[in-house]
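Please read the structure below before turning to the comments.
Quantities reported herein were computed from a predicted structural model and do not represent experimental measurements. Ligands are counted one by one from 1 in listed order, and the atoms in each one are counted from 1 as well.
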Amino acid sequence: MPNRVLLSETFMQEANSAISAPLEEDCDHLAGLLARRGVDAEGLVARAMAFKVVVPTWGLGSGGTRFARFAIPGEPRNVFERLEDCGAVQSLTRATPGISIHIPWDNAENLGELRAFAHARGLFVDSTNSNTFQDHPGQPLSYKFGSLSHTDAAVRRQAVEHNLECLEIGTALGARAHTVWIGDGGNFPGQLHFRRALDRYLDSMKAIYRALPEHSRLFLEHKFYEPAFYSTVLNDWGTSYYCARELGDRALSLVDLGHHGPNVNVEMIVARLIQFGKLGGFHFNDSQYGDDDLDAGSVQPFQLFLIFNELVDAERSGVPGFSPAYMLDQSHNVTDPIESLIASSIELSRAYVQAHLVDRDALAAYQEANDPLMALQTLKQAYTTDVAPILATARLRAGGAIDPIAAYRSSGYRRQMKERRPSDARSSAGIV
Ligand code: RM4
Ligand code: MN
Ligand code: MN
C-alpha cells in the first residue's frame with residue numbers, strides 16, 4: 001500500500017502547514033469580494049467539496065501517438081497498480097473517488113479482490129468500457145473491418161458477447177454505467193453502406209441494452225473520425241441521440257470533447273442533449289485539432305467553462321433526470337500521468353465553481369433585452385474570478401493537499417514506484 005505510506009495524513013499535514021496561512025488570507029479576500037456580489041463563499045466551498053470527477057485507469061500509463069510511446073519510470077503494470085495510482089490522485093485531490101475501467105486492459109482474475117482493493121483506497125469502480133477496436137489475444141474473429149456493425153454476423157455476435165461480459169464484470173464490481181465506443185467506420189468512400197452499417201450497429205446495441213442490469217446506464221460515445229479516416233458509424237451527437245432514443249430510457253449519449261471537428265460548438269451540443277433528456281456524461285479532455293486527448297482546460301479553458309455553464313444552469317433549474325457522469329479521458333504522452341490527472345480534475349472543479357458564480361438572473365435579463373455585450377460580460381465576470389482559494393480550501397477540509405502537484409512532487413511517489421515497479425516493456429496501458 002505505497003500511496004498510504006507515502007501520502008499519509010501526517011505527510012499531508014506537513015505539506016499543508018507551510019501554506020495554510022497565506023491560503024486563509026486569500027480566502028478572506030475572496031470572501032469579501034464575493035460578498036459584495038451577494039455570493040456566499042462558504043456555499044461555494046461546499047459545492048466544490050461535493051463535486052466529483054471520474055478517473056480513467058488507462059490514463060495512468062504513458063500514452064503515445066501513432067509514432068512512438070515514451071514510457072516513464074514506475075508506470076503501473078496491471079490494474080492493481082493503476083488503482084494504486086488512482087488512489088494517489090484521490091488522496092491529494094479528494095475529488096476523484098470514482099474510477100472508469102477498460103476491459104480487457106483491466107481484467108482481473110478475482111473481481112472481489114479488485115473491488116476490495118479499490119474500496120481500501122477510498123475508490124470505487126464507477127463504470128466499465130468495452131474494447132472492440134482492437135483484437136484481443138486468442139479471439140477467433142478479427143475487428144479489422146468493424147465490430148458491432150461488421151458485415152459478418154459472427155463478428156457482431158463476438159463483439160456483443162464481449163460487451164455482455166463487461167456488463168457482468170461491472171455488476172460484480174458495483175459499476176453504475178457501461179460505455180461503448182467502437183472504432184467501426186470506413187477509410188474510403190464506398191467502403192461502407194452508411195445506412196446498413198448503422199442498422200447493424202443498432203441491432204447489436206439492442207442486444208447489449210437488453211442485458212443491461214436494472215440500475216445501470218448505457219453510454220453511447222460518438223466520434224467523427226479515427227481510426228476510420230473517411231467515415232465512422234456513430235459519427236456525431238445527432239446519430240448518438242437517435243440511437244439512444246431507439247434503445248430506451250437508460251441509453252444515453254456520452255460527449256467526449258475531442259470527438260468533434262475543430263470549432264464545433266460543443267457547449268450547444270451539451271445544451272441540446274440536456275434538453276432532450278439524453279446527456280449521459282462526458283469524457284473530458286482538450287484539443288487543438290481532433291482527438292488530441294490533451295489535459296482538460298489546457299487549450300480552450302473558456303470552452304470548458306461554457307460547457308459547465310450549461311451544466312450548472314441545468315443543475316440549478318432542476319432539469320428532471322439530469323445526472324451526468326463527469327469522466328476524464330486523456331492520453332498523457334509527455335507529462336507524468338498522475339500530475340496531469342490532478343491538474344485536470346482541478347480544472348473541472350474550477351469550471352464548475354466558476355459556473356456557479358454566473359449571475360443567472362442578470363444573464364436572463366440581458367438575454368431578454370437583447371444586450372449581447374452585457375450577456376457576455378456577465379459570463380466573463382464569473383470566468384475571470386480566481387476561485388483557486390475555494391478549491392484549495394475544499395481539498396484541505398476533505399483531507400487533501402492545498403497544492404497537490406507540489407505535494408506529489410515532494411512525496412517522492414514516482415521515485416518509489418520506479419523502484420517497486422521495474423519497467424515492463426509489454427505494458428500496454430494507455431492509448432498506443
Ligand atoms: C477513444 C475513445 C474511448 C477510449 C479509447 C481508448 O478515442 O475516446 O473513450 O475508450 O479512445
Ligand atoms: Mn473517450
Ligand atoms: Mn477519444
Next item on the list: For the pair E84 and R421, find out whether any cationic side-chain nitrogen is under 4.0 Å from an anionic carboxylate oxygen.
Entry: yes

Next item on the list: Go through the side-chain N and O atoms of N129 and H178 and say whether any donor and acceptor fall under 3.5 Å apart.
Entry: no

Next item on the list: Name whichever N, O or S atom of E221 ends up nearest to the Mn ion (ligand 2).
Entry: OE2

Item checked: D256 backbone or side-chain N/O/S under 2.8 Å from the Mn ion (ligand 3) -> no

Check: Short list, please: which atoms of ligand 1 are under 4.0 Å from a heavy atom of D329?
Finding: 2 (C), 3 (C), 4 (C), 8 (O), 9 (O)

Margin query: Test your reading of the model: is there a side-chain donor-acceptor pair from Q303 to the backbone of Q300, 3.5 Å cut-off?
Written below: no

Checklist line | Sub-4.0 Å atoms of ligand 1 with respect to non-hydrogen atoms of D291 | finding: 7 (O)

Checklist line | Where G248 and Y209 come nearest, the two heavy atoms and their spacing | finding: C-OH, 3.3 Å

Check: Have H150 and D184 got a donor and an acceptor in their side chains that come within less than 3.5 Å?
Finding: no

Notebook entry, point to check: Does H259 bring an N, O or S atom to under 2.8 Å of the Mn ion (ligand 3)?
Noted result: yes

Margin query: As a test of reading the structure, name the N/O/S atom of D291 that is nearest the Mn ion (ligand 3).
Written below: OD2

Notebook entry, point to check: Mind checking whether the Mn ion (ligand 2) has an N, O or S of D329 under 2.8 Å?
Noted result: yes

Margin query: Counting neighbours of CG on D152 that are heavy atoms of other residues, nucleotides or ligands and sit closer than 6.0 Å, is the number greater than 12?
Written below: yes

Note to self: I'd like to check which ligand 1 atoms, numbered from 1 as shown, lie under 4.0 Å from a non-hydrogen atom of D256.
What the structure shows: 8 (O)

Item checked: Geometric cation-pi criterion, R217 with F219: 6.0 Å, 45° -> no

Note to self: From the N, O or S atoms in H283, identify the one nearest to the Mn ion (ligand 2).
What the structure shows: ND1

Next item on the list: Taking only heavy atoms of K223 into account, list the atoms of ligand 1 that are under 4.0 Å away from them.
Entry: 7 (O)

Notebook entry, point to check: Quick one: which ligand 1 atoms are inside 4.0 Å of a heavy atom on H259?
Noted result: 2 (C), 7 (O), 8 (O)

Next item on the list: Please determine, by modelled atom types, if Y408 and D336 share a side-chain donor-acceptor pair under 3.5 angstrom.
Entry: yes

Margin query: Which of the numbered atoms in ligand 1 are under 4.0 angstrom from any heavy atom belonging to H283?
Written below: 9 (O)

Item checked: Ionic contact status for E339 with R414, cut-off 4.0 Å -> no

Margin query: Using heavy atoms and a 4.0 Å limit, tell me yes or no: is H102 in contact with ligand 1?
Written below: yes

